Amino acid sequence: IAGITQAPTSQILAAGRRMTLRCTQDMRHNAMYWYRQDLGLGLRLIHYSNTAGTTGKGEVPDGYSVSRANTDDFPLTLASAVPSQTSVYFCASSETSGGASDTQYFGPGTRLTVL
Amino acid sequence: GQNIDQPTEMTATEGAIVQINCTYQTSGFNGLFWYQQHAGEAPTFLSYNVLDGLEEKGRFSSFLSRSKGYSYLLLKELQMKDSASYLCAVRDGDYKLSFGAGTTVTVRA
């Protein structure tokens, strides 16, 4: 089934540990995105990639890094996790990043708790 | 920064109509999206408006007024399965999506 997969589904992590959230899409979409969703704040963009080999910073990039080595994969790394990074993380993709009606499609999310 | 406002919660009866308003102030405008999100699940696309007016898609309709920075999502013939959060999102001048905090709709029998 075509779509976006994320792993892990959930994770409990000790503060200070390094963690990589995985995201893979099989729709051959050029653009990919990472959001965090916190109660009362809505979805906030962390990082994005308009095409393989390029990345950009979103609204809340501090403490996170991404890479885009190929079209399908867009991992998000927390170098040294802190409790404020406790959140639900969603990966999304769209066919392009500048199309008039490009719709973003979301993965199932990763629930991360940092203690 | 971007500013997108929508009510926090709404309650309606099965079979009724509910209108969820969204007002926005963004740097540039390249379209407005509505997403539905059931508890514990991913957001799923509902509708897209880039020109003023009403877009109808079955029981759901979305309206846009760019001059007023205003949109609404209309849900007709409410069903229990429509209980969810509804997210208003605006694509700004850099083609990045900014989301409102979401409106939780509860449908009562």
Side-chain angles (χ1 to χ4, degrees), chain A residues 1-7 9-10 21 23 25 27 29-51 54-61 87-112, chain B residues 1-9 20 22-53 55 57 60 62 64 66 73 84-104:
Chain A
I1 298 177
I4 302 177
T5 58
Q6 292 185 237
T9 302
S10 65
L21 308 185
C23 174
Q25 54 100 1
M27 297 178 283
H29 282 175
N30 286 307
M32 297 186 74
Y33 312 85
W34 274 105
Y35 294 89
R36 59 178 290 173
Q37 187 174 39
D38 303 291
L39 196 63
L41 293 178
L43 286 155
R44 292 181 292 168
L45 183 65
I46 304 171
H47 284 287
Y48 64 93
S49 170
N50 289 336
T51 190
T54 70
T55 62
K57 293 182 179 180
E59 180 185 354
V60 288
S87 188
V88 180
Y89 291 85
F90 287 101
C91 180
S93 71
S94 62
E95 194 167 338
T96 65
S97 60
S101 61
D102 270 332
T103 298
Q104 291 187 20
Y105 297 92
F106 286 80
T110 293
R111 184 174 296 275
L112 181 68
Chain B
Q2 322 295 16
N3 190 26
I4 300 170
D5 289 318
Q6 51 182 129
T8 304
E9 295 180 335
I20 306 169
C22 172
T23 58
Y24 64 89
Q25 290 178 304
T26 58
S27 52
F29 179 83
N30 282 296
L32 187 143
F33 295 79
W34 284 95
Y35 283 83
Q36 181 189 58
Q37 185 178 24
H38 286 100
E41 298 183 7
T44 56
F45 169 73
L46 282 180
S47 69
Y48 169 75
N49 295 71
V50 68
L51 300 176
D52 291 351
E55 293 283 341
K57 206 186 264 189
F60 294 179
S62 56
L64 175 68
R66 289 172 297 170
L73 179 69
S85 284
Y86 292 85
L87 314 180
C88 174
V90 176
R91 186 159 54 198
D92 62 22
D94 293 327
Y95 288 91
K96 297 297 173 287
L97 274 186
S98 293
F99 285 82
T103 299
T104 299

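First the proteins, then the strands, lettered A, B, ... as listed; each starts at 1. Source: prediction; values computed, not measured.
- Between Gln104(A) and Ala92(A), the shortest heavy-atom distance links the atoms OE1-CB, 4.0 Å.
- In this structure, chain A has heavy atoms under 4.5 Å from both the backbone and the side chain of Leu97(B).
- For a residue to count as touching a neighbouring chain, one of its non-hydrogen atoms must lie under 4.5 Å from one of that chain's; by this rule Leu43(A) touches chain B with backbone and side chain alike.
- Per-residue counts of heavy-atom pairs under 4.5 Å with chain B were compared for Phe106(A), Tyr33(A), Tyr48(A); the largest is that of Phe106(A).
- Using modelled atom types and a 3.5 Å distance limit, the side chains of Asp38(A) and Ser87(A) yield a donor-acceptor pair.
- For the pair Ser85(B) and Thr104(B), the tightest heavy-atom approach, listed with the atom from each and the gap, is OG-OG1, 3.2 Å.
- Taking a 6.0 Å sphere around CZ of Arg111(A), one finds it holds 12 or fewer heavy atoms contributed by other residues, nucleotides or ligands.
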